[in-house]
> 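What follows is a single structure, and I will ask about it in a moment.
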Amino acid sequence: MENTRRSFLKKVSAAGLGAAGLAMAGNAGAETSIPSEPQKKKTAGKDDGKLRFGFIGTGSRCQEHINNVLAIPGNKIVAICDIQQASIDRALKHISQFNVPAPKVYKGGEREFENMLNNEEFDCVIIASPWEWHVPMSVAAMKAGVPYVGVEVSAANTVEECWDLVNVSEATGSQLNILENVCYRRDCMAALNMVRQGLFGEMLHATCGYEHDLRDVKFNDGEHYNYQPGGDLRMGPTAYSEAQWRTNHSVHRNGDVYPTHGIGPVAHCLDINRGNRFVSLSAMATQSRGLHKFIVDNGGENHPLAKVRFNLGDIVTSMIKCANGQTVIVTHDTNSPRPYSLGFRIQGTEGLWMNDGDHVYVQGKSKPHRWDDSEEWFKQYDHQLWARHAAEASEAGHGGMDYVMMYDFIQAIRNKQPAPMDCYDAAAWSAISGLSEMSIARGGALVDFPDFTRGKWINFQPKFAL
């Protein structure tokens with residue numbers, strides 16, 4: 001404990017929070033005005049036929065995307081944008097390892113990304129910035145005429161922001177793709193294959209979530225802090241981590257602030273937005289104890305960060321009802337000591353998959369009342385994307401799913417097809433954040449889930465992972 005305490009004091013003695021990606025202070029609402037006429041789309045593959053990529057936010061997540069964009073033939077990086085020189089330098093060094101021309105650099109003020117969008121031509125722009133900037137940057141890119149926009153998760157923080165993404169995508173014709181890599185996790189894709197082939201029968205219920213001990217992430221390196229009760233927790237600019245911006249969401253918000261890792265794969269299994277949709281949600285949160293306890297246990301009761309008042313409940317539970325009758329439970333748990341889990345359970349009238357324990361049971365094929373090891377089933381139902389690209393994916397991040405996701409997205413761009421995970425997916429999955437906050441504030445009251453497709457879900461056909 002003493003070693004842990006000394007380590008904690010060293011990391012956060014002057015406050016603990018840094019920046020992974022485009023670190024920007026404060027909140028920024030999306031500009032919701034929509035152009036009267038969609039901007040003219042820019043043509044793909046200018047001159048050399050390569051797809052032209054731009055990156056907004058050059059932190060660690062961006063570097064993984066750079067790896068995969070440049071590992072797939074036929075792509076180039078035209079420009080990058082960030083406000084922190086250290087992140088830009090790391091990105092440029094990373095790109096140089098591929099022996100390709102250096103991209104143009106945009107840096108400076110918080111709105112510098114607008115100059116990049118207005119001055120350059122892209123086939124795709126990837127946004128890997130802090131959460132509060134996802135919608136303003138996505139909206140700006142779509143209004144600038146970028147044909148494909150890839151936005152990191154969660155795509156939006158409020159229901160209003162979700163509508164901004166849908167409205168601007170529809171008005172401009174730009175394809176917004178939420179970069180939810182867990183949808184491309186090998187076991188998730190195999191389970192989806194089993195669902196699509198009827199192994200589990202009619203879908204009944206699912207569980208999922210984001211259960212990940214992030215206490216070290218929320219309090220890591222930095223040199224300065226400033227906190228006034230009721231205000232933001234401002235951290236120093238020296239860090240290379242998410243804490244400089246992520247921790248403030250735990251200070252001010254109480255809801256499922258990061259739902260898409262869990263709900264994305266579940267939504268595909270339940271055909272959400274494609275013959276089914278979420279119709280209502282109810283959420284509750286426990287008391288907030290974990291972050292304060294972590295500070296006191298490792299830094300002492302007199303540590304300056306012990307004064308911070310955290311609003312986020314340690315465990316947030318949301319229950320969702322679907323139009324076709326299914327129920328879904330989504331759990332957010334990032335303030336507690338626990339091993340990582342996304343808690344997947346996909347259950348139908350003929351069987352189920354549970355990823356905790358790697359269990360599969362299929363009625364009539366499994367031994368009665370006995371679990372099968374999911375590995376044997378998943379070998380048989382391995383998805384074609386993985387069967388074809390496992391070798392290339394083996395060197396990529398997050399067990400290869402980052403590569404498979406980017407490959408699928410790039411194929412859509414090159415073939416001018418709809419985004420694999422479009423604006424309606426981005427909105428429906430991300431809306432859990434705002435809706436859970438509403439429900440918790442009302443004592444767990446049931447709230448209606450917006451139909452972001454405006455009724456088109458009835459006729460939309462499943463198109464992901466066929």
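Position 1 is the first residue of the sequence, and the numbers go up from there. For the numbers below, each heavy atom of this structure counts, side chains included, while hydrogens, waters and symmetry mates do not.
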> Is there a donor-acceptor contact under 3.5 Å from the side chain of Asp271 to the main chain of Gly275?
no
> For the residue pair Phe55 and Phe53, does the interplanar ring angle fall in the parallel (under 30°), tilted (30 to 60°) or perpendicular (over 60°) class?
parallel
> Applying ring-ring contact (aromatic ring centres under 6.0 Å, His included) as the test, list every pair that has at least one member in residues 411-437; sequence neighbours left out.
His268-Trp429, Tyr424-Phe460
> Contact between Asn311 and His249 at the side-chain level, heavy atoms closer than 4.5 Å - yes or no?
no
> Rounded to the nearest 0.5 Å, how far apart are OG of Ser154 and CG of Asp256?
7.5 Å
> Would you indicate whether Lys456, at its atom NZ, is surrounded by more than 12 heavy atoms from other residues, nucleotides or ligands within a distance under 6.0 Å?
yes
> Quick one, Val308 with Val251, criterion side chain to side chain contact (heavy atoms under 4.5 Å, CB included). Give me CA distance, side-chain angles, the key distance, then yes/no.
CA-CA 8 Å; Val308 179; Val251 174; 3.9 Å; yes
> Classify the ring geometry between Trp245 and Trp131 as parallel (under 30°), tilted (30 to 60°) or perpendicular (over 60°).
perpendicular
> Which heavy atom of Val360 sits nearest to which heavy atom of Ser374, and what is that distance?
CG2-CB, 3.6 Å
> In Å and rounded to the nearest 0.5 Å, what is the CD to CE distance from Glu180 to Met405?
8.0 Å
> Got a donor-acceptor contact below 3.5 angstrom from the Asn193 side chain to the Met189 backbone?
no
> What pairs meet the side-chain hydrogen bond (donor to acceptor under 3.5 Å, both in side chains) rule with one or both residues in residues 432-445, with sequence neighbours excluded?
Arg253-Glu437
> Take Glu350 and Leu199 through the side chain to side chain contact (heavy atoms under 4.5 Å, CB included) test and state the conclusion after the steps.
CA-CA 7 Å; Glu350 298 293 326; Leu199 269 292; over 6 Å; no
> Could you tell me which non-hydrogen atom of Val447 sits nearest to which non-hydrogen atom of Leu435, and how far apart they are?
CG2-O, 3.9 Å
> Check the angle between the aromatic planes of Phe409 and Tyr148 and answer parallel, tilted or perpendicular using the 30° and 60° thresholds.
perpendicular
> Calculate, to the nearest 0.5 Å, the distance between atoms CZ and CG belonging to Phe200 and Leu352 respectively.
7.0 Å
> Of all heavy-atom pairs between Ile72 and Met406, which one has the smallest distance, and what is that distance?
CD1-C, 4.1 Å
> Show the nearest heavy-atom pair for residues Ala206 and Ile346, with the distance to one decimal.
CB-CD1, 4.1 Å
> Just wondering, are more than 12 heavy atoms of other shown residues or ligands nearer than 6.0 Å to CZ in Arg370?
no
> I need the minimum non-hydrogen distance between Asn276 and Asn324, along with the two atoms involved.
OD1-N, 3.0 Å
> Does Arg454 pair with Glu170 as a salt bridge, N-O distance under 4.0 Å?
yes
> List the atom of Met203, the atom of Leu270, and the distance in Å for their closest heavy-atom pair.
CB-CD2, 3.6 Å
> Please determine whether salt bridge (charged side-chain N to carboxylate O under 4.0 Å, His left out) holds for the pair Asp314 and Arg338, giving the CA-CA distance in whole Å, both sets of side-chain angles, and the decisive distance to 0.1 Å.
CA-CA 12 Å; Asp314 288 351; Arg338 56 157 301 123; over 6 Å; no
> Donor-acceptor check, side chain of Thr207 to backbone of Gly343, threshold 3.5 angstrom: yes or no?
yes
> By the salt bridge (Lys or Arg N to Asp or Glu O under 4.0 Å) test, which pairs, at least two apart or in different chains, include something from residues 277-296?
Lys293-Asp297
> Taking 4.0 angstrom as the limit, do Lys321 and Asp448 come out as a salt bridge?
no
> Check the angle between the aromatic planes of Phe449 and Phe278 and answer parallel, tilted or perpendicular using the 30° and 60° thresholds.
tilted
> With rounding to the nearest 0.5 Å, note down the distance linking CD1 in Ile272 to CH2 in Trp457.
9.0 Å
> Can you tell me how far CG of Asn177 sits from SG of Cys124, rounded to the nearest 0.5 angstrom?
8.0 Å
> Would you mind reporting whether His332 and Val257 have side-chain heavy atoms less than 4.5 Å apart?
yes
> Would you say Glu161 and His134 are linked by a side-chain donor-acceptor pair, where the criterion is simply a distance under 3.5 Å?
no
> Taking Tyr184 as the fixed residue, which of Leu179, Val404, Asp402 is the one that meets the side-chain contact (heavy atoms from CB on, under 4.5 Å) rule?
Val404
> With no hydrogens and no angle check, do the side chains of Thr331 and Asp333 hold a donor and an acceptor under 3.5 Å apart?
no
> Test ring-ring contact (aromatic ring centres under 6.0 Å, His included) on His389 and Tyr407; report intermediate values, then the result.
CA-CA 9 Å; His389 301 287; Tyr407 176 87; 3.9 Å; yes
> Is the shortest heavy-atom distance from the side chain of Asn298 to the side chain of Arg215 under 4.5 Å?
no
> Hey, does Ile329 have a side-chain heavy atom less than 4.5 Å from the side chain of His205?
yes
> Step by step, work out the side chain to side chain contact (heavy atoms under 4.5 Å, CB included) result for Thr317 and Val330.
CA-CA 6 Å; Thr317 306; Val330 189; over 6 Å; no
> Side-chain contact test, heavy atoms from C-beta onward, threshold under 4.5 Å: evaluate it for Glu211 versus Leu342 and give yes or no.
no
> Any side-chain donor paired with an acceptor under 3.5 Å for Asp372 and Trp377?
yes
> So, do Arg196 and Tyr381 sit near enough that their side-chain heavy atoms are less than 4.5 Å apart?
no
> For Glu64 and Arg61, what are the C-alpha separation, side-chain angles and deciding distance, and is it a salt bridge (charged side-chain N to carboxylate O under 4.0 Å, His left out)?
CA-CA 5 Å; Glu64 184 60 42; Arg61 190 70 189 117; 5.5 Å; no
> With a 4.0 Å cut-off on N to O distance, would you call Asp425 and Arg274 a salt bridge?
yes
> Which value, rounded to the nearest 0.5 Å, describes the distance between Trp353 atom CH2 and Asp358 atom CG?
8.5 Å
> Going by atom types alone, do Thr334 and Lys218 pair a side-chain donor with an acceptor below 3.5 Å?
yes
> So, do Gln175 and Pro418 sit near enough that their side-chain heavy atoms are less than 4.5 Å apart?
yes
> Between His212 (side chain only) and Leu214 (backbone N and O only), is there a donor and an acceptor less than 3.5 Å apart?
no
> Counting only heavy atoms not in Glu202 (residues, nucleotides, ligands), do more than 12 fall under 6.0 Å from its CD?
no
> Using a 3.5 Å distance criterion without hydrogens, assess whether the side chain of Thr158 forms a donor-acceptor pair with backbone atoms of Gly434.
no
> Between Glu112 and Ile56, is there a side-chain heavy-atom distance shorter than 4.5 Å?
no
> Between Val135 and Leu165, does a side chain to side chain contact (heavy atoms under 4.5 Å, CB included) hold up when you go through it step by step?
CA-CA 7 Å; Val135 170; Leu165 295 177; 4.1 Å; yes
